[in-house]
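First the structure, in the form of structure tokens, and then the observations on it.
Quick note: numbers below take in every heavy atom, side chains included, and nothing from hydrogens, waters or symmetry partners.
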Amino acid sequence: MTELAPRTQKGPIVPRSEPVAIAALVPADSPRSGEVDLAYARSLMEVRELPPILVCRRTMRVIDGMHRLTAATLAGRADIDVRYFDGDEKEAFVQAVQANLHRGRRLSQQERAAAARRIVAAYPQWSNRAIAQAAGLSTKTVAAIRRRSTGNEPQLNSRVGRDGRARPVDPSVGRERAAAHLREHPDASLRQIAEAAGISVGTARDVRARVERGEDPVGRRPAVRDERVLLTAVERNNRLRVPDPRPAVAPVKDPLAVLTRDPSLRFSEAGRQLLRLLDNRALLDAGGDALSAAVPLHNRAALTAAVYQHIDTWLAFLSMLERAG
């Protein structure tokens with residue numbers, strides 16, 4: 001049987017009951033931690049008409065109603081009314097948990113947590129919210145149980161929610177797939193993009209709008225480099241400087257032009273490489289606005305980081321140069 005989301009677990013239950021021989025039934029794989037409470041079972045013997053118990057048709061194992069079954073056995077009955085559940089053992093256990101959340105003797109917090117651990121192991125693709133609904137716990141509690149239960153196991157890329165739909169654990173993956181599909185198929189419809197990337201049509205619409213605006217399809221904000229990083233580099237460089245006892249030299253008006261005319265630099269490989277690194281006239285001539293506009297918004301953070309990296313490199317070179325005298 002196809003694995004069902006918790007919200008649809010009640011579907012396979014047959015609505016009509018029928019009498020079944022008690023000897024044909026197998027004791028429940030119960031979410032309860034203790035044995036059957038005989039005192040409670042005896043109290044049920046006094047009830048004139050009890051609801052049918054729930055049994056897994058495949059295994060004839062009791063899903064819900066062990067106290068009622070015990071009461072019928074103590075009363076000397078040979079059969080008991082049964083409703084069948086048409087599912088596998090994993091589905092039957094989830095149904096047993098849900099049946100004991102709201103009726104009869106309800107499961108304790110510890111029993112619900114133990115049940116959640118079994119459900120996480122049986123259905124790792126279910127979302128935390130879906131398992132929380134099945135086990136009667138909070139989503140945060142299930143998340144903590146999942147972390148402890150699957151710490152060393154490979155994590156799934158998607159999980160199934162209460163509505164039965166699979167959703168990626170990391171939504172950025174689907175958005176990036178959608179952007180890649182849109183670049184390869186710019187005329188694709190929103191539904192085609194959604195199907196190719198495994199996302200909703202609404203998310204596909206948002207991705208397309210972001211791509212058209214030149215923004216990051218995931219919606220990440222560009223990282224802003226803290227100005228203190230640059231100031232710290234400058235301050236560190238100033239602290240490394242040793243006061244020069246030599247008389248101050250008047251600043252050169254165009255130091256690059258002076259260096260360019262120096263034959264020792266022009267006619268050596270290392271000198272020419274240094275001149276090329278120092279020549280930023282192309283940056284100044286092109287204009288900062290034009291160069292900045294050529295970089296997509298989603299790569300501005302990378303450009304900023306690269307510029308700061310160059311600044312740090314030149315500051316380190318400047319410190320070495322001044323120490324060399």
Side-chain angles (χ1 to χ4, degrees), residues 1-12 86-88 90-91 94 116 118-135 137-140 142-147 149-225 291-306:
M1 175 175 290
T2 303
E3 294 178 352
L4 304 173
R7 201 171 75 179
T8 62
Q9 282 287 333
K10 294 183 179 180
D86 291 320
D88 59 26
K90 293 191 299 182
E91 294 170 334
V94 174
R118 284 189 57 175
I119 297 173
V120 167
Y123 297 101
Q125 75 276 22
W126 280 6
S127 68
N128 291 339
R129 189 179 298 276
I131 296 175
Q133 185 217 25
L137 295 170
S138 69
T139 304
K140 290 184 178 179
V142 172
I145 290 172
R146 188 191 293 273
R147 285 194 298 269
S149 301
T150 61
N152 297 323
E153 298 178 6
Q155 300 298 306
L156 299 175
N157 294 326
S158 64
R159 292 179 187 162
V160 179
R162 292 184 297 173
D163 57 0
R165 296 178 58 189
R167 294 178 176 82
V169 176
D170 181 3
S172 65
V173 175
R175 285 177 168 269
E176 290 170 350
R177 283 201 301 261
H181 185 80
L182 187 57
R183 286 191 293 269
E184 296 175 1
H185 308 280
D187 297 329
S189 67
L190 292 177
R191 188 170 298 279
Q192 290 171 333
I193 298 171
E195 291 177 355
I199 59 177
S200 67
V201 174
T203 302
R205 181 182 293 106
D206 182 71
V207 170
R208 168 177 277 175
R210 289 180 181 277
V211 170
E212 290 176 349
R213 294 195 300 265
E215 298 177 1
D216 180 8
V218 179
R220 293 179 289 243
R221 293 183 179 179
V224 179
R225 179 75 173 262
L291 293 175
S292 177
V295 181
L297 287 176
H298 63 272
N299 271 333
R300 293 288 175 86
L303 174 62
T304 302

| query | Between E195 and Q192, is there a donor-acceptor pair closer than 3.5 Å when you use the side chain of the first and the backbone of the second? | reply | no
| query | Say you draw a straight line from CD of E91 to OH of Y123; how long is it, rounded to the nearest 0.5 Å? | reply | 4.5 Å
| message | Rounded at 0.5 Å granularity, tell me how far CG in L182 sits from CZ in R210. | response | 14.0 Å
| query | Closest heavy-atom contact between N128 and A143? | reply | ND2-CB, 3.5 Å
| remark: Looking only at heavy atoms, the pair that brings A116 and A135 closest together is CB-CB, 4.0 Å
| With sequence neighbours left out, what residues match R183 under salt bridge (Lys or Arg N to Asp or Glu O under 4.0 Å)? | none
| request: Mind checking the OG-CZ spacing from S200 to R191? Nearest 0.5 Å is all I need. | output: 11.0 Å
| Side-chain donor/acceptor of R146 to backbone N/O of P124, under 3.5 Å | yes
| Among T139, V94, V120, the one residue meeting side-chain contact (heavy atoms from CB on, under 4.5 Å) with I131 | V120
| note | Output for pair (T203 OG1, R208 CZ), nearest 0.5 Å, gives 13.5 Å
| request: Among residues two or more places apart or on two chains, list those pairs meeting ring pair (Phe, Tyr, Trp, His ring centres under 6.0 Å) that have a residue in residues 183-217. | output: H181-H185
| Pair D206 + R175, salt bridge at N-O below 4.0 Å | yes
| task | Write down the atom of V211, the atom of A179, and the distance for their closest heavy-atom approach. | result | CG2-CB, 4.2 Å
